[in-house]
Amino acid sequence: MTTPATEKARYYLTTPIYYVNARPHLGHAYSTIVCDAIARRKRALGIDTWFLTGTDEHGQKIERSAKLAGCGEYEFATRISGEFRGLWDKLGLTYDDYIRTTEERHKRGVQKLFSTLKERGFIYKGSYTGQYCVSDEAWVDVPPGAPCPDCGRITETVSEENYFFKLSAFERRLLEFYEENPGFIGPESTRREVISFVRSGLKDLSVSRASFSWGIPVPGDEKHVVYVWLDALANYITALGYGSDEPADQARFKKFWPADMHLIGKEISRFHCVYWPAFLMAAGIETPRSVRANGWLLFDQGKMSKSRGNIVRAETVMEVLGADALRYFLLREIPFGQDGNFSFDALVQRYNGDLANGYGNLVSRVVNMMHKYFGGVVPETGATTEAETALRAHTEAAIAGFGPLFDELNFSEALKSLWALVAETDGYLTVNAPWKKPAERSDEDHAALQARVLGTAAEAIRVITALAYPILPEATAKVWQQLGLGEIADAAKNSFLTSVAWGGLKPGTKFGEPAPLFPRAEKDAVARMVALEEENNKSVIEAAGGPSQPAPDEPKILPPQKTATPKSEIKPESKKMEETKPTPVAETPAAAATSSNEAAPVTQAAPAEQPPAASVVEEKQYITIDDFVKVDLRVAQVLVAERIPKADKLLRLEVDLGYEKRQILAGIAQYYEPEKLIGRKIVIVANLAPRKMRGLESNGMLLAASLPTDGAPVLAGFLEDVPLGARLK
């Protein structure tokens, strides 16, 4: 039963709704797992909690992706949204609602919000010409042809009739709001960025599009669709029932709005901390209480994202180590709000060190000895010594410290403090050694020591298990049963975290049967996860119809790339892997642009360093068809070509792939005049991970043959007319 003080408490938290242009990866899982841990703790504290997640399914990028995939927009969105929801269910996430922006309830609420903003004088009609980033679905203030300042992709010049929201009218009001509510935005770095953006001046915002149709029609003017960010942000209120006439929906909205926390990725903080509160203020709706931005999950030294080709699936970790291992690693390893590195090696080390050898081993020792010495029944502990008093003090300190750290989203420090108690309990057990009876100790005294030590250690484990429940729901459920306490889910429903205190494990409690928690990960665990990723990537290609039909905007099917290692540092056991890499030969196309941070003119060595062509042919390495299909070669057309100041070897190109435009930096300035490249069709590697050079992002690589005389590049081309975006195979 909840106490009167908590019966009226409620908590509403949301994940970002995930864009359905590609399958979910570990970065998406991170945000959703964080929300799930928060929701579990709130519920176990007796707080009526509503946890929302879902998918964002409208916009120009989805329309283009669906066309490229050869299916309708709704069919495409449904398939990807199903993968998100399926993964959340596999992870055992306890969301209360899952919203899709293609649902009728959402459409109804968005149209009501748009109409309300228009009726209140905050939306007007006009025309607009500006730069639009399709990848971010955002208008950006840059010159025509310039890259997006956020993602680095080439923007498109769009001229169309639009409806505009009077964002400029909220500049002062937003700054006052931030001042009056210092806890609204977190972490502090995100707060500073948002305030700086608003202080730089706000312009009215286009909130409709007329150049495509995949979206929610503007009420009364259906040739327009609602701007995807106004559409998407509204999910936080439409999911609660905003726009509905049903009494139950209206009651839920009244009960849970405003949101206590929107948890988001830091790259979308502007939309949530500027546009969203301005929309709500204009509509006369209360603003959310806080927006918290998590950092990026980094893999291979870059943000984990589909466009970089460096993603990892949560399913891979779950299959080898289990869902709890993933949850623990993400919350313990990565200080919330900061960027965090993910690697299979670090994951296995943390798993073995903290879970297998730490918590899991401690529970196993105590439960097994309780069965061995006391038939699985908790004995009377008798008189305590200084050792028991000290462990109790450490346990009570952990109880007092864990909650505030967790509630401030400082999960890493909260778990660090809790695992210090795991180590303290393990040390207490080792020092007192209830399994070892000195010759001078009587049987009676030894039995008393065993009762005292095992009873005390088991009580510490009970507290550790209760506090760790939101992070390790599967493992703690097993431990709760082994301690003879029943179902931890039932304890959570009865607000057991409100009364965690020393002394809850009573003498006479019958332990359950011992069972392993975290079997130690073997040496092949990393190799198994890498193999699973590679096998999944192969399956994705085959499911998409083979290499000629790749999933749209999904270069992430590449396996995780390893950081290049200087040849002098390659260990003998790495030699075989190194030798399997294909070696460019003079007769084959060679890269004329590089994604490394060095602005080399071409990827080939200088002429003097090249062996004769015959030698190269003799030493070439063979690749398999599986190796080849990983490289996405596409036909593109050069739209813009210009030199980069203070970079004699580099050209900045803007190319059209038919389904999107990109910026590529190419080291061919010494061999090609920029103006002669405009309009030329070329071949590019379309799924190469982006890299920055000279402060600009390059999203691909040109292909060229290398002349045997001086190494000069000759761009690959075609005699026949080939459509843009066609794949080479």
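Hydrogens, waters and symmetry mates are skipped; everything else that's a heavy atom, side chains included, is used. All values reported here derive from a predicted model rather than from experimental measurement.
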**Q.** Main-chain N/O of Gly183 paired to Ser290 side chain as donor or acceptor, under 3.5 Å
**A.** no
Q) Do you know which two heavy atoms are closest between Pro147 and Thr155, and how far apart they sit? A) C-CG2, 4.0 Å
Q. Would Lys254 and Asp249 count as a salt bridge (Lys or Arg N to Asp or Glu O under 4.0 Å) if you check the C-alpha gap in whole Å, the side-chain angles of each, and the deciding distance to 0.1 Å?
A. CA-CA 9 Å; Lys254 182 178 180 180; Asp249 292 335; over 6 Å; no
Q. Which heavy atom of Asn21 sits nearest a heavy atom of Ile62, and at what distance?
A. N-CD1, 3.8 Å
Q. Shortest non-hydrogen contact from Thr476 to Pro473?
A. OG1-O, 3.3 Å
Q: Over 60° means perpendicular and under 30° means parallel, so classify the ring planes of Tyr18 and Phe84, tilted if in between.
A: parallel
Q. Under 3.5 Å, side chain of Trp480 to main-chain N/O of Thr465, donor-acceptor pair present?
A. no
Q | Heavy atoms from other residues, nucleotides or ligands near NZ of Lys125 exceed 12 (cutoff 6.0 Å) | A | yes
Q) For Lys266, does its backbone N or O pair with a side-chain atom of Ser269 as donor and acceptor, under 3.5 Å? A) yes
Q. Taking atom types as modelled, is there a side-chain donor on Asp89 or Tyr95 under 3.5 Å from an acceptor on the other?
A. yes
(Q) Check this for me, if you would: do Asp260 and Lys42 make a salt bridge, where the nitrogen-to-carboxylate-oxygen distance has to be below 4.0 angstrom? (A) no
Q: Say whether, by atom type as modelled, one donor and one acceptor occur between the side chain of Ser196 and the main chain of Arg192 under 3.5 angstrom.
A: no
Q | Side-chain H-bond candidate by donor/acceptor type, Thr94 with Arg43, under 3.5 Å | A | yes
Q. Is a side-chain donor-acceptor pair under 3.5 Å present for Tyr30 with His25?
A. no
Q) More than 12 heavy atoms of other residues, nucleotides or ligands under 6.0 Å from CD of Glu179: is that the case? A) no
Q. Does a side chain donor of either Ser244 or Glu246 reach within less than 3.5 Å of an acceptor in the other side chain?
A. no
Q. Can you name the one residue among Tyr19, Phe271, Phe165 that meets ring-ring contact (aromatic ring centres under 6.0 Å, His included) with Trp229?
A. Phe271
Q) Any donor and acceptor pair, going by atom type alone, linking the side chain of Ser495 with main-chain N or O of Thr498 inside 3.5 Å? A) no
Q) Taking all atoms of both residues into account, what is the closest heavy-atom pair of Ile17 and Ala232, and its distance? A) CD1-O, 3.6 Å
Q) Are Arg392 and Glu396 close enough, and set up right, to give a salt bridge (Lys or Arg N to Asp or Glu O under 4.0 Å), and what steps lead you there? A) CA-CA 6 Å; Arg392 175 174 178 170; Glu396 290 174 339; 3.0 Å; yes
Q | Residue from Phe122, Phe177, Tyr275 passing ring-ring contact (aromatic ring centres under 6.0 Å, His included) with Phe170 | A | Phe122
Q | Within 45° cone and under 6.0 Å: Arg209 NZ/CZ vs Tyr227 ring | A | no
Q: Evaluate the criterion side chain to side chain contact (heavy atoms under 4.5 Å, CB included) for residue pair Arg108 and Val110; output intermediate values, then yes/no.
A: CA-CA 6 Å; Arg108 181 177 60 237; Val110 169; over 6 Å; no
Q | Heavy-atom closest contact (Ile464 atom, Leu418 atom, distance) | A | O-CD2, 3.9 Å
Q: Answer yes or no: is there a donor N or O on one side and an acceptor on the other, between the side chain of Asn162 and the main chain of Ser206, under 3.5 Å?
A: no
**Q.** Minimum heavy-atom distance between Pro143 and Gln131, given as atom pair plus value
**A.** O-CG, 3.7 Å
Q: State whether a side-chain donor-acceptor pair under 3.5 Å links Trp296 with Glu267.
A: yes
(Q) Pairing donors with acceptors under 3.5 angstrom, does anything connect the side chains of His262 and Thr14? (A) yes
(Q) Phe406 vs Phe411, test: ring-ring contact (aromatic ring centres under 6.0 Å, His included). Steps then yes/no. (A) CA-CA 5 Å; Phe406 189 104; Phe411 310 113; 5.1 Å; yes
Q) When you measure from the side chain of Ser208 to the backbone N and O of Val225, does any donor-acceptor pair fall under 3.5 Å? A) no
(Q) I'd like to know if the side chain of Arg191 reaches the main chain of Tyr178, judged simply by a donor and an acceptor atom lying under 3.5 Å from each other, with no hydrogens or angles considered. (A) yes
Q. Once the angle between the rings of Phe256 and Trp50 is folded into 0 to 90°, is it parallel (under 30°), tilted (30 to 60°) or perpendicular (over 60°)?
A. tilted
Q: Apply the test side chain to side chain contact (heavy atoms under 4.5 Å, CB included) to residues Thr102 and Ile216: give CA-CA distance (whole Å), side-chain angles for both, the deciding distance (0.1 Å), then the verdict.
A: CA-CA 8 Å; Thr102 49; Ile216 296 174; over 6 Å; no
Q) What orientation do Tyr242 and Phe253 show, parallel under 30°, tilted 30 to 60°, or perpendicular over 60°? A) tilted
Q. Taking the side chain from Arg327 and the backbone from Pro470, do they hold a donor-acceptor pair closer than 3.5 Å?
A. yes
Q) Between the side chains of Thr101 and Glu57, does any donor sit under 3.5 Å from an acceptor? A) no
Q | Sole residue of Tyr328, Trp419, Tyr359 in side-chain hydrogen bond (donor to acceptor under 3.5 Å, both in side chains) with Asp354 | A | Tyr328
Q. Got a sec: does the CD of Glu408 have more than 12 other heavy atoms crowding it under 6.0 Å?
A. no
Q. Is Lys255 salt-bridged to Asp48, cutoff N-O under 4.0 Å?
A. yes
Q. Is there a donor-acceptor pair closer than 3.5 Å between any side-chain N or O of Lys166 and the backbone N or O of Asp204?
A. no
Q: Report yes or no: is the cationic atom of Lys118 (NZ for Lys, CZ for Arg) closer than 6.0 Å to the six-membered ring centre of Tyr163, at no more than 45° off its axis?
A: no
**Q.** Approximate separation, where rounding is to 0.5 Å, of Glu333 CD and Gln349 CD
**A.** 9.0 Å
